[in-house]
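Read the structure below first, then the notes.
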Amino acid sequence: MSEQVKPNQDNEASKKEQVTQMFDTISGEYDGLNRMISLGLDQKWRDNVVEMVAAHKPDTIMDIATGTGDLVIKMAEKTKASRLVGLDISSGMLEVGKIKVKKEQLDDRIEMVLGDSENLQFDDQTFDAITVSYGVRNFEDLEKGLAEILRVLKPGGILVILETSVPQKFPFKQGYYVYSNLVVPTLGKIFSKDRKAYGYLSKSASKFPYGERFNNILKKVGFKDVESSLQFHGASTIYKAIK
């Protein structure tokens, strides 16, 4: 299991409480700063997630840790799903997302829902597809969150996760270390309302059990046909699994 990393290690509040507050605080600036930090590459990686989901031809989709809704909006545009749910624990992020959904005139197809990924408010076997982009490392109990996803997926349903990882080959490994440990926290301090937020996001990424370790966790929880594919030499990884 990964080391428990919280936005503020000196604060006695739970990781879940701290993460919620952190994203509420940075919700207004999140999209712009995220594009800057990822050099816009995160959009292409999300497109790759959407392609995997669309190939499964789902009718019901949930995007967990949806944030401001980028991924669920893309899926509404690229799939014929009749029901799409964007779920997040941060009301601040959801409010920004709701504005974007309405602007795209997708509020008749997309529900933006406040919820806890580790205690999902949906019945067993509700969704054909579930996605999570840059959210599973924020789960307080990783295996519990994945087990909840498994519970609400239909048999044969697909889970696609986009998450940070660490490149292993020279010079990408060294470049990633410098960028994530020095550049990202510095940009966060300059442009963010929460000076600690982007330091936490970098540290939580480095401590996340990426690659084969995460594949094994998915299998342990009960998923099958687990596959993973590196994005930009391993700066992120897409994981695909079936119930």
Side-chain angles (χ1 to χ4, degrees), residues 1-2 4 14-16 19-20 23 45-46 48-67 69-72 74-76 79 81-90 93-94 97 110-165 204-205 208-229 236-243:
M1 187 59 65
S2 59
Q4 181 73 272
S14 70
K15 177 176 179 177
K16 189 176 298 182
V19 166
T20 303
F23 281 113
W45 301 336
R46 285 186 173 89
N48 294 340
V49 170
V50 173
E51 286 181 15
M52 291 182 183
V53 172
H56 206 72
K57 295 182 171 57
D59 185 54
T60 51
I61 303 173
M62 176 163 60
D63 181 41
I64 292 176
T66 195
D70 277 0
L71 187 55
V72 75
K74 283 178 179 286
M75 289 190 292
T79 74
S82 65
R83 182 189 183 193
L84 299 101
V85 174
L87 180 139
D88 204 280
I89 201 169
S90 165
M93 296 287 273
L94 284 173
I110 298 176
E111 306 167 54
M112 298 295 277
V113 176
L114 186 68
D116 180 354
S117 57
E118 295 163 44
N119 295 282
L120 295 170
Q121 63 265 48
F122 300 98
D123 293 335
D124 296 356
Q125 303 180 16
T126 297
F127 297 98
D128 298 304
I130 293 178
T131 57
V132 192
S133 62
Y134 302 114
V136 291
R137 74 180 187 274
N138 296 321
F139 288 5
E140 189 165 61
D141 186 326
L142 179 57
E143 289 188 17
K144 183 179 180 182
L146 294 173
E148 273 291 271
I149 290 172
L150 187 70
R151 178 183 67 79
V152 301
L153 264 179
K154 295 178 182 178
I158 186 173
L159 167 64
V160 184
I161 292 172
L162 170 63
E163 190 52 87
T164 54
S165 50
S204 64
F208 183 76
Y210 58 88
E212 196 60 31
R213 290 173 64 199
F214 188 61
N215 287 343
N216 289 335
I217 292 171
L218 286 167
K219 293 172 186 176
K220 178 183 176 183
V221 168
F223 286 96
K224 62 182 182 179
D225 300 333
V226 177
E227 302 175 7
S228 57
S229 57
S236 286
T237 300
I238 295 177
Y239 304 88
K240 182 175 73 171
I242 303 294
K243 178 174 178 177

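No hydrogens, no waters, no symmetry mates; every other heavy atom, side chains included, goes into these values.
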Working to the nearest 0.5 Å, report the span between [atom1] of [X] and [atom2] of [Y].
X: Lys15; Y: Asn138; atom1: NZ; atom2: CG; answer: 6.0 Å
X: Thr164; Y: Arg137; atom1: OG1; atom2: CZ; answer: 4.0 Å
X: Ile64; Y: Ser117; atom1: CD1; atom2: OG; answer: 6.0 Å
X: Met75; Y: Asp70; atom1: CE; atom2: CG; answer: 11.0 Å
X: Asp124; Y: Lys154; atom1: CG; atom2: NZ; answer: 13.0 Å
X: Phe127; Y: Asp63; atom1: CZ; atom2: CG; answer: 11.0 Å

Residue pair Glu51 / Asn48, side-chain donor-acceptor N/O under 3.5 Å: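 Note: Glu51 and Asn48 side chains miss the donor-acceptor criterion.
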Provide the closest heavy-atom pair for [X] versus [Y] in the form atom of the first, atom of the second, distance.
X: Thr237; Y: Ser228; value: CG2-CB, 3.8 Å
X: Ala129; Y: Val53; value: CB-CG1, 4.0 Å
X: His56; Y: Asp128; value: CD2-O, 4.0 Å
X: Leu150; Y: Gly222; value: CD2-CA, 4.1 Å
X: Met112; Y: Gly69; value: CE-CA, 4.1 Å

Passing option when Glu163 is tested against Val132, Ile238, Val136 for side chain to side chain contact (heavy atoms under 4.5 Å, CB included):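 Answer after filtering Val132, Ile238, Val136: Val136.
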Side chains of [X] and [Y] in contact at under 4.5 Å (non-hydrogen atoms):
X: Ser133; Y: Trp45; result: no
X: Leu71; Y: Val50; result: yes
X: Met62; Y: Thr126; result: no
X: Gln121; Y: Leu87; result: yes
X: Phe122; Y: Val85; result: yes
X: Leu94; Y: Thr66; result: yes
X: Tyr134; Y: Arg46; result: yes
X: Leu120; Y: Ile130; result: no

So if I apply the ring pair (Phe, Tyr, Trp, His ring centres under 6.0 Å) rule between Tyr239 and each of Phe214, Tyr210, Phe208, which one comes out positive?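 Per the ring pair (Phe, Tyr, Trp, His ring centres under 6.0 Å) rule, the option paired with Tyr239 is Phe214, out of Phe214, Tyr210, Phe208.
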With a sphere of 6.0 Å drawn around CG of Asn119, does it hold more than 12 non-hydrogen atoms of other residues, nucleotides or ligands?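 Correct, the count exceeds 12.
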When you look at NZ of Lys219, are more than 12 heavy atoms from neighbouring residues, nucleotides or ligands closer to it than 6.0 Å?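 Yes.
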Could you walk me through whether Ile217 and Glu143 satisfy the side chain to side chain contact (heavy atoms under 4.5 Å, CB included) test, starting with their C-alpha distance in whole Å, then the side-chain angles of each, then the deciding distance to 0.1 Å, before giving a yes or no? CA-CA 7 Å; Ile217 292 171; Glu143 289 188 17; 4.0 Å; yes
Keeping the roles fixed (side chain from Glu118, backbone from Lys144), state whether a donor-acceptor pair exists under 3.5 Å.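 Flag not set: sc Glu118 to bb Lys144 has no pair under 3.5 Å.
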Residues two or more places apart in sequence or in another chain: which of them pass side-chain hydrogen bond (donor to acceptor under 3.5 Å, both in side chains) with Asp88?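 Once residues adjacent in sequence are excluded, Asp88 has no partner under the side-chain hydrogen bond (donor to acceptor under 3.5 Å, both in side chains) criterion.
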